Structure formats: C-alpha cells, structure tokens
Amino acid sequence: MDDKEEQKALWQDKLLARKIATALADWFCKNGRLLPWRETTDPYKIWLSEIILQQTRIDQGTAYYFDFLKSFPTIESLAQASEEEVLRLWQGLGYYTRARNLHKAAQKIVHEWRGVFPSSYEKIRTLPGVGDYTAGAIASFAFGLSYPAVDGNLQRVLSRVYASREPIDSTVGKKLYLRLAHQIIEEGDASVLNQALMDIGATVCTPRLPLCDRCPLESFCKVANLPQAVDFPIKKRKVPLKDLYFFFFYLVDGEGKIVLEKRKKKDIWQGLYQLPLIESETPLKQEELREKVERMWGVEVAEHVEGKVLRAKHILSHRRLHLTFYRSSITTLFDESKTPWCEYRLISAEDLEQYPLPAAIFKYLPSFLEE
DNA sequence: ATCCTGGGAT
DNA sequence: ATCCCAGGAT
C-alpha cells in the first residue's frame with residue numbers, strides 16, 4: 001500500500017510538471033527575451049555567449065559577445081589566437097579563467113574534433129570551463145537535446161515554486177533542483193523550457209521583488225504573493241570578506257618607459273599585467289613597506305615609498321582590496337631573479353592599453369596619472 | 001562530498 | 001550587500 005501512495009505521488013509530480021511546462025511554453029512565446037545568441041543554433045555562438053554570461057549581466061556581456069565574434073568568427077580563429085589576445089578582449093569582464101578555458105576549449109575542438117563542435121552532452125561537458133549548467137544550455141539550445149540547464153535563476157524559481165528549503169549550495173540541493181528541472185523539461189521542448197525558466201527568473205521571479213501577478217507559474221507556486229518568497233532560495237554558506245593590501249608602483253625610467261609585470265601566480269588575475277606590486281594580508285607601515293620593497297627589488301627603489309599618490313578601495317566578492325599607487329622614476333631596472341613568479345618588461349606609457357589589465361588598475365589609472 | 005576561490009556590476 | 005558558475009584543493 002506504500003507502493004500505491006508512492007505511485008500516486010509520482011503521478012501527481014508528473015502532472016504538475018506537465019502543467020508547469022505548458023504554462024512556461026505559452027508564456028515564452030509572448031514574453032521570452034529576444035537576445036542575439038537566441039537567433040542562432042550555431043553551437044559556437046551559443047557556447048561563447050554562455051561562457052561570457054556565466055558571471056556577467058546581459059547588458060555588459062553583449063558588447064563582448066559581438067567583439068569576440070568579430071575578432072574570432074570561427075572556432076579555428078579563436079584556437080589560433082594567442083592567449084594574450086583573448087585576455088585582452090576579455091579585459092574588464094573578470095574571472096579570467098573563463099577566457100583561458102575558452103581558448104583551450106577552442107583548441108581542443110580543433111584538435112580532437114577537427115573544429116566541429118561536439119554534439120553530445122557528454123563530449124560538450126568535457127570542454128574546459130563547461131560545467132553541468134553550460135553543457136545543458138548548449139546541448140538544449142544548439143542541439144535540441146533534453147538536458148536541464150540549472151543556473152541561479154532556475155534555482156530561485158524552482159525553490160520558490162516548490163517552497164524548497166534545501167540549500168542551493170548543498171550537494172543534496174543541487175541534485176534536487178536538477179531533478180525538478182529535468183522533470184519539467186521532459187514534458188516539452190527543453191530549449192524553450194530552459195529559456196522560459198531563465199527568463200522568468202531574470203525578469204519576473206527576481207531576487208528582491210518578485211512580480212507574482214505577472215508569473216505564469218503563479219497558480220502552481222507555493223510561495224506566490226507571499227512575503228516569504230524573497231527568503232528563497234536558501235543558502236547555507238556565506239564567506240566573510242578578507243582584506244588584502246596592494247601597493248602598486250608606477251615607475252618611469254629615463255626614457256619615459258614604465259615597468260609592467262605579468263602575473264604568473266595561480267591566484268587572482270593570472271596572466272594579466274599589472275604595475276609592479278607588493279601584496280600583503282595586513283596593512284603595512286611605511287617602514288615595513290620600504291623593507292619589503294628593498295627585499296624584493298633592491299635598495300634603489302626604496303625611495304619610491306615616499307611618493308604616495310593615490311589610495312582606493314576595490315571590492316571583490318570575497319576580497320576587499322586596499323590599493324595604494326605610488327609614482328616615481330627609476331634609473332635601473334630591478335633584479336628579476338628575486339621574483340620568479342612574474343616577468344618584468346619596460347613599455348612606453350601609451351602602449352599600456354594594449355595589455356590586459358585588471359579593473360582594479362585600469363579603473364584608477366587615469367585619475368592617478370592626472371595628478 | 002565539501003570548501004574555497006576567482007572579479008566586476010549593481 | 002548580493003548576484004553569478006567552474007575547477008582545484010581538501
């Protein structure tokens with residue numbers, strides 16, 4: 001008799017999923033967003049858009065999407081580019097691993113599949129930078145395959161509709177929302193249903209102010225029009241902000257050239273360029289900073305610590321960067337052998353914009369150089 | 001399986 | 001203050 005109960009529950013789940021799917025498809029016809037990468041089923045374009053949009057809002061990402069397609073119209077052209085070219089185009093988007101993986105994945109497609117984008121979920125999922133969400137998005141949008149694409153939007157919508165308190169950042173929660181999404185998209189066109197759920201999350205079922213009266217799922221949703229709707233989804237972890245103290249040095253030599261270094265460490269801004277930098281987890285007193293400068297680059301630049309020019313705070317997700325920029329002249333380039341984790345080079349100041357720089361630098365550079 | 005990290009916009 | 005996915009470390 002438990003069996004019977006279970007059967008009945010399963011059947012009701014399916015029925016609900018079917019109703020939701022129908023409502024979603026109807027809504028999407030009239031209310032789905034028209035986006036450049038939705039006018040194609042070219043997997044390259046869809047992949048590119050998904051990578052760009054992973055941590056980026058549409059209005060910011062769109063320009064990058066077109067710039068990339070202009071510079072790299074084909075997967076081959078992207079594969080043939082240098083990593084630095086790719087990073088330069090990515091400049092300002094953040095999460096630069098996405099750009100490096102995009103580049104690597106293009107090379108993988110060229111070498112392993114002769115430039116033909118793989119058409120099975122499993123193969124797509126092996127591309128660097130492509131996780132469950134992105135693989136599902138490409139598989140369904142480009143190839144019409146029935147895979148869910150569960151991003152933050154879907155998690156929010158589903159946790160609300162089902163009033164699920166299962167945390168989205170738990171293993172159990174991730175599986176649950178994957179299963180719920182799967183149940184729904186099975187009942188129709190996966191591409192349409194995935195996109196409909198995303199659009200509802202983005203435009204109707206928003207984090208702070210859900211517009212339940214405009215939602216096609218209103219009648220199915222356990223928390224529709226209730227104040228507790230905004231409590232979903234639940235998260236278990238929140239990471240405290242960590243302070244970091246970054247001291248940059250804008251050093252000009254006798255010929256007006258400046259020193260630039262390329263980051264090779266596997267932490268933030270990997271592969272990007274920066275002004276010579278002293279990093280610290282604690283604020284540094286003038287004396288300590290001078291000591292570090294001497295240890296790292298030699299005595300000759302110690303005097304630069306005196307010429308403070310600009311201070312700024314730059315907030316990242318789990319980091320609060322306290323930036324200090326110094327400007328000074330140098331007569332000799334410092335000793336590279338002491339800092340194997342970066343490469344130094346002398347460049348002319350006008351060429352600075354040719355190099356991929358983190359936002360924490362290029363954002364403040366103009367006002368810093370005005371002084 | 002779980003935790004931590006990457007970076008910028010709003 | 002909060003949003004966003006993937007991958008590497010533990």
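Quantities reported herein were computed from a predicted structural model and do not represent experimental measurements.
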CG of A:L53 versus P of C:dC5: gap in Å, rounded?
9 Å
How many whole angstroms separate atom CD of A:Q155 from atom C1' of C:dC5?
10 Å
Pick the closest DNA chain B nucleotide for A:S170 and for A:R57 by heavy atoms, then say which residue is nearer the 5' end.
A:S170
Check the orientation of A:Y364 and A:F325. Use parallel for under 30°, tilted for 30 to 60°, and perpendicular for over 60°.
tilted
Result of checking A:E84, A:E261, A:R263, A:R88 against A:Y273 for side-chain hydrogen bond (donor to acceptor under 3.5 Å, both in side chains):
A:E84
Is it true that atom CD of A:E122 has more than 12 heavy atoms of other residues, nucleotides or ligands lying nearer than 6.0 Å?
yes
Any A:K235 side-chain N or O less than 4.0 Å from OP1/OP2 of C:dC3:
yes
Decide yes or no on side-chain hydrogen bond (donor to acceptor under 3.5 Å, both in side chains) for A:H182 and A:Y147, but give the supporting numbers first.
CA-CA 7 Å; A:H182 196 83; A:Y147 288 89; over 6 Å; no
Just wondering, more than 12 heavy atoms not from A:K123 lying within 6.0 Å of its NZ?
no
Would you kindly check whether a donor in the side chain of A:Q55 faces an acceptor in the base of C:dC5, or vice versa, at under 3.5 angstrom?
yes
Among the nucleotides B:dG8, C:dC4, B:dC3, whichever has the atom closest to the side chain of A:A359 is B:dG8
Side-chain touch A:F141/A:T41, heavy atoms, less than 4.5 angstrom
no
Of A:Q60 and A:V172, whose closest DNA chain B nucleotide lies nearer the 5' terminus?
A:V172
Is the CD atom of A:E353 crowded by more than 12 outside heavy atoms at less than 6.0 Å?
no
Of residues 195-211 of chain A, the positions that come close to DNA chain C - non-hydrogen atoms, cut-off under 4.0 Å:
A:R208
When you check the side-chain N and O atoms of A:Y96 and A:Q91, is any donor under 3.5 Å from an acceptor?
no
Whole angstrom value for the distance that separates C1' of B:dC3 from NZ of A:K242:
14 Å
Nucleic acid contacts - residues 91-109 of chain A versus DNA chain B, non-hydrogen atoms under 4.0 Å:
A:G92, A:L93, A:G94, A:Y95, A:Y96
Starting at CZ of A:R319 and ending at P of B:dC4, how long is that distance when rounded to a whole Å?
11 Å
Only one of A:K108, A:H103, A:R98 passes side-chain contact (heavy atoms from CB on, under 4.5 Å) with A:P128; say which it is.
A:K108
When rounded to whole Å, the CG to P distance for the pair A:L48 and C:dC5 reads 16 Å
When you get a sec, tell me which of B:dA1, B:dG6, B:dA9 is the closest nucleotide to the side chain of A:T171?
B:dA1
A:L321 CG - B:dA9 P separation (whole Å):
13 Å
Could you go through A:K30 and A:D26, starting from their C-alpha distance and side-chain angles, then the distance that decides it, and tell me whether this counts as salt bridge (Lys or Arg N to Asp or Glu O under 4.0 Å)?
CA-CA 7 Å; A:K30 298 185 195 92; A:D26 287 348; over 6 Å; no
Go through residues 119-148 of chain A and report each residue with a non-hydrogen atom lying under 4.0 Å from DNA chain B, sorted by number.
none
Classify the angle between the aromatic ring planes of A:W47 and A:Y44 as parallel (below 30°), tilted (30 to 60°) or perpendicular (above 60°).
tilted
List the atom of A:A79, the atom of A:Q107, and the distance in Å for their closest heavy-atom pair.
O-NE2, 3.1 Å
Rounded distance in Å - CG (A:N153) to C1' (C:dT2)
14 Å
Check the distance between B:dG8's C1' and A:I361's CD1 and give it to me in whole angstrom.
15 Å
